[in-house]
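Quick notes on the structure that follows.
Note that ligands are numbered from 1 as they come in the structure, with each ligand's atoms numbered from 1 the same way.
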Amino acid sequence: MTGQQIPAISLRDFESRKEEIGRQLVDAAEKVGFFSVVDHVLSMEEIETQFGVSENFFALSPEEKAKVPFDVSTSLGYENKAQFRPGTGFDQKESLFVRPGSEWPRDESVPGFAESTANFLAKCSQITDQILFCFGKALNFPDDYFKEAMDVSQPDCVNQLRLLHYPAVENSKGGWRHGSHTDIGALTLVFQRDGQDGLEVMPGRETHVSKAKGDNYFPIPAKTGPIVVNIGDMLMTVAWSDDRFKANFHRVRAKASGFSPARYSIGYFNMGRENFVFQGPNKKYPATTCGDYFHNHVKNQFEKHQGGKVDIVDVKTKLLAGIAVA
Ligand SMILES: O=C(O)CCC(=O)C(=O)O
Ligand SMILES: [Fe+2]
């Protein structure tokens with residue numbers, strides 16, 4: 001990687017170019033862990049429409065938003081400043097997790113929510129399939145291996161879409177909007193919007209090696225269109241790639257001083273199917289299911305950072321805290 005940029009990879013003509021695309025993706029996953037993809041199947045209009053319904057959802061009254069409350073057992077629903085980090089406290093953000101078949105805001109509250117979100121989810125899944133196909137090839141898995149592991153038509157698939165809103169801050173002082181963390185899932189797609197900066201990444205560092213303190217973060221400018229993609233630690237680094245690919249720390253901070261405008265972002269998290277048994281090609285780590293890995297990881301990460309006192313934080317925040325602890 002040169003300078004302070006993440007590689008941008010074009011998915012144009014995927015079927016006829018997948019070998020070349022695969023080489024670029026694997027290179028980025030091995031060396032950096034963060035990259036962006038362009039020329040994908042989501043148009044600017046589709047992305048803008050999804051940001052539009054997201055903005056309309058977050059503009060609802062607190063009572064209306066709380067009609068789909070966050071549920072710890074499913075990790076779905078709406079949370080408001082509920083994600084806790086031992087180092088930086090509660091993130092200054094609100095977010096809504098959905099997946100196909102989960103309870104969504106009704107169209108009477110947010111017109112067009114269901115139509116736009118269903119389409120967005122389907123296309124995120126399509127983009128994921130393309131990227132994971134390439135990683136699967138590099139790891140010598142059968143062609144359909146990751147497609148099956150991430151099959152959103154299966155009832156045990158826990159992939160999720162997360163709409164995020166970081167409210168504007170008058171005198172921001174570099175406040176923690178989203179504390180430093182790596183993602184648990186196999187692969188995350190992050191959508192940003194022109195001018196709503198704040199995402200920072202520390203490339204080339206693996207979550208399971210050591211903590212993020214003292215290292216350099218650099219900003220990933222917010223741009224509507226390109227999708228920021230990062231490798232997550234639940235499946236890729238530790239298990240599925242035998243440590244070959246990198247899961248990077250990242251965070252969102254408000255500006256060091258002055259006014260920080262609101263930021264909206266959207267994440268698509270590939271957690272996999274709960275009953276899918278997975279293991280890296282070199283069997284470096286024991287085989288496990290996506291479901292077990294997810295739940296154990298949440299517990300370990302959380303307990304590690306809380307000194308074993310898991311009950312000091314409201315139970316509602318427990319899963320959220322585990323999803324993203326650094
Ligand atoms: O808002 C962002 O860009 C960061 C989102 C993120 O890292 C997450 O939800 O895990
Ligand atoms: Fe993240």
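Contacts with ligand 1 closer than 4.0 Å are made by no heavy atom of Thr188, backbone or side chain. Under 4.0 Å from ligand 1, the heavy atoms of Arg263 that appear belong solely to its side chain. With a 4.0 Å heavy-atom cut-off, ligand 1 is reached by the side chain of His250 but not by its N, CA, C or O.
Interface of Val190 with ligand 1, defined as ligand atoms under 4.0 Å from a residue heavy atom, comprises 3 (O). The Phe269 neighbourhood of ligand 1 comprises atoms 8 (C), 9 (O), 10 (O), with distances under 4.0 Å to a heavy atom of that residue. If you number the atoms of ligand 1 from 1 as listed, the ones under 4.0 Å from a heavy atom of Val252 come out as 1 (O), 2 (C), 4 (C). Within the listing of ligand 1, atoms 1 (O), 2 (C), 4 (C), 5 (C) sit less than 4.0 angstrom from a heavy atom of Tyr166. Heavy-atom contacts of Arg162 reach the following atoms of ligand 1: 9 (O) (cutoff under 4.0 Å).
Relative ring orientation between Phe113 and Trp104 is described as perpendicular, the plane-to-plane angle rising above 60° on a 0-90° scale split at 30° and 60°. Ring planes of Phe58 and His165: tilted class, angle from 30 to 60°.
Put simply, no part of Lys93 is less than 4.0 Å from ligand 1, judged by heavy atoms.
One finds no salt bridge joining Asp242 and Lys284 here, because no Lys/Arg side-chain nitrogen approaches an Asp/Glu carboxylate oxygen to under 4.0 Å. Using a 4.0 Å cut-off between charged nitrogen and carboxylate oxygen, Glu20 and Arg23 do not count as a salt-bridge pair. With salt bridges taken as basic N to acidic carboxylate O contacts below 4.0 Å, one links Lys137 and Asp143.
To the nearest 10 degrees, the Fe ion (ligand 2) sees OD1 of Asp183 and NE2 of His250 at an angle of 100°.
Phe146 and Trp240 have their aromatic ring centers within a separation under 6.0 angstrom.
Glu64 and Ser61 share no donor-acceptor pair across their side chains, judged by distance under 3.5 Å alone. If you check the side chains of Asp243 and Tyr285, you find a donor sitting under 3.5 Å from an acceptor.
Taking 2.8 Å as the threshold, His178 does not count as a candidate ligand of the Fe ion (ligand 2), since none of its N, O or S atoms lies below it.
In terms of polar-atom proximity, Gln192 is not counted as a contact of ligand 1, lacking any N or O under 3.5 Å from an N or O of the ligand.
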